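Single-structure report; data block below.
Fair warning: this is a prediction, and the values are worked out from it, not measured in the lab.
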Amino acid sequence: MTLTIPGFDHVRLPGADGVELAAAVGGSGSPVVLLHGFPQTHLMWRHVAERLAGEHTVICPDLRGYGASDKPAATGPEVYSKRAMAADVVALAAALGHERFALAGHDRGALVAFRAGLDHPETLTHLGILDVVPTLDMWDVLHGVRAAVGYHLFLMAQPPGLPETMIANSADAYFGSFLDAWAADPAALPEPVRAEYLRASAAAVPSIVADYRASAGIDVTHDQADRDAGSQLAMPVTVVQQDWGAQLGYDAAAVWRAWAPDLDHRLTGAGHFMAEETPDEIAGALRDLLLR
């Protein structure tokens, strides 16, 4: 049985290109869409969603290829491009009657949110980003032995076949290693939640790999085109992240400011799974964003 956010409705609605997304929807008020990261599902937002639901309609989908959402075959690089996944989110919100909405994402969901902000500036009122830099910049800041922290990015960038086989043959160990390594507070991922993430990820190996493979190809192409055109995010943006700049030797705030003129950049002492580790902090940052 799929775990979802207590008190929220669980729905299936159309995304883009015939793909259906599963989503948890709750609360009332102006709409906020929350996108999960890897190796997770919409369940990662459970604490933040409950905190925001008193003031907002909160929509937490499983991304294309993850959780209970459709997992189309990667017949071309565009199928799991962040452009296609962003179009899913816009279509999902429209199906719920929201032509404009605030959007926040964590990890992979943050990359989808970033692309949505560039592709659909008329649709997004506010943009929240948790613990990433844009794809184009991500590859630029990974150098030498420091890049070992992102070994999975390189593994899943390989041509189809070997990565999927390797990961499927050791799915719990592979996906569990990230849950272990990236959580500063393991208690934030209690056993039922951890088991749900492992179950859902093991059932989605080809599509998860395709999502990452897109970020070593077509997503870079899309980001580069926007950089060359001087495109920027038109809406207020809040970024909350670990101090990756200090760890990897770059200025994270400057990287984001180049894309987002209206930027609130915050560092957190939480681990990567900050929405689960410090939900009050993250809900507070999003509330502040929505007031701008």
Side-chain angles (χ1 to χ4, degrees), residues 36-40 77 80-82 105-115 118 129-171 173-186 201 205 208-228 230-233 237 239-260 263 265-274 277:
H36 68 85
F38 162 92
Q40 298 173 289
Y80 284 94
S81 69
K82 303 308 149 300
H106 171 255
D107 189 81
R108 307 305 294 172
L111 299 179
V112 176
F114 171 74
R115 176 46 52 193
L118 291 171
I129 299 288
L130 302 187
D131 220 30
V132 298
V133 293
T135 299
L136 185 63
D137 302 289
M138 174 188 74
W139 293 113
D140 286 345
V141 303
L142 291 173
H143 299 293
V145 295
R146 291 173 173 171
V149 70
Y151 82 92
H152 61 298
L153 303 171
F154 298 91
L155 171 62
M156 291 189 277
Q158 302 310 307
L162 184 60
E164 291 88 343
T165 299
M166 291 175 63
I167 294 167
N169 285 342
S170 55
Y174 179 74
F175 294 115
S177 71
F178 300 106
L179 298 175
D180 294 337
W182 294 349
D185 178 11
S201 296
V205 170
I208 290 174
V209 175
D211 166 33
Y212 273 86
R213 187 174 288 121
S215 287
I218 193 168
D219 294 340
V220 173
T221 300
H222 292 159
D223 281 8
Q224 188 65 59
D226 277 306
R227 174 166 285 171
D228 292 345
S231 301
Q232 291 183 309
L233 296 163
V237 177
V239 175
V240 185
Q241 57 190 149
Q242 299 176 85
D243 197 358
W244 289 112
Q247 294 182 51
L248 297 176
Y250 69 97
D251 186 338
V255 167
W256 272 109
R257 198 168 291 112
W259 290 103
L263 175 68
H265 186 271
R266 305 184 180 192
L267 297 179
T268 179
H272 181 63
F273 303 115
M274 56 191 68
E277 296 182 43

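Of the possible donor and acceptor atoms, one in the side chain of S170 sits under 3.5 Å from a partner among the backbone N and O of M166.
Under the 4.5 Å side-chain criterion, counting only non-hydrogen atoms from C-beta, V132 is not in contact with F114. Taking 4.5 Å as the limit, every side-chain heavy atom of I167 sits out of range of all side-chain heavy atoms of I208. Using a 4.5 Å heavy-atom threshold, the side chains of W139 and F154 count as touching. A heavy-atom distance below 4.5 Å is not found between the side chains of Y212 and Y80.
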List the steps and the verdict of side chain to side chain contact (heavy atoms under 4.5 Å, CB included) for Y174 and V205.
CA-CA 11 Å; Y174 179 74; V205 170; over 6 Å; no

Test side chain to side chain contact (heavy atoms under 4.5 Å, CB included) on W244 and V133; report intermediate values, then the result.
CA-CA 9 Å; W244 289 112; V133 293; over 6 Å; no

Dump the intermediate steps for side chain to side chain contact (heavy atoms under 4.5 Å, CB included) on D107 and Q40, then the final yes or no.
CA-CA 10 Å; D107 189 81; Q40 298 173 289; 5.8 Å; no

Evaluate the criterion side chain to side chain contact (heavy atoms under 4.5 Å, CB included) for residue pair W259 and L118; output intermediate values, then yes/no.
CA-CA 9 Å; W259 290 103; L118 291 171; 4.1 Å; yes

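Screening residues 130-139 for salt bridge (Lys or Arg N to Asp or Glu O under 4.0 Å) gives D137-R227 as the qualifying pairs, with residues at least two apart or on separate chains.
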Would you mind writing out the side-chain donor-acceptor pairs for residues 140-151 within the sub-3.5 Å range, not counting sequence neighbours?
from	atom 1	to	atom 2	distance (Å)
H143	NE2	D140	O	2.4
R146	NH1	L248	O	3.2

Below 3.5 Å, can you tabulate the donor-acceptor pairs from side chains in residues 218-225 to any protein atom, sequence neighbours excluded?
from	atom 1	to	atom 2	distance (Å)
D219	OD1	K82	N	2.9
D219	OD2	K82	NZ	2.7
D219	OD2	S215	N	3.3
D219	OD2	S215	OG	2.9
T221	OG1	G217	O	3.4
H222	NE2	R83	NH1	3.4
D223	OD1	R115	NH2	2.8
D223	OD2	T135	N	3.4
D223	OD2	L136	N	3.2
Q224	NE2	D228	OD1	2.8

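Partners of D185 under the side-chain contact (heavy atoms from CB on, under 4.5 Å) rule, at least two apart in sequence or in another chain, are A187, A188, E277. For H272, the ring pair (Phe, Tyr, Trp, His ring centres under 6.0 Å) partners two or more places apart in sequence, or in a different chain, are H106, W182. Shown here are the side chain to side chain donor-acceptor pair (under 3.5 Å) partners of E164, two or more places apart in sequence or in another chain: R213.
If you take OG1 on T268 and CD on Q241, they are separated by 10.5 Å, rounding to the nearest 0.5 Å. We find the CZ-CG distance between F38 and L179 to be 8.5 Å, quoted to the nearest 0.5 Å.
Across all non-hydrogen atoms, the minimal contact from A184 to A270 is CB-C, 4.4 Å. The two residues A110 and G105 make their nearest non-hydrogen contact at CB-O, 3.2 Å. Shortest non-hydrogen contact noted between P163 and Q158 is CG-CB, 3.7 Å. Nearest heavy atoms, L233 versus A260: CD1-CB, 4.1 Å. Minimum interatomic distance between P77 and A214 (heavy atoms only, all atoms of both residues): O-CB, 4.2 Å. Between Q232 and A258 the shortest heavy-atom distance is NE2-O, 2.9 Å.
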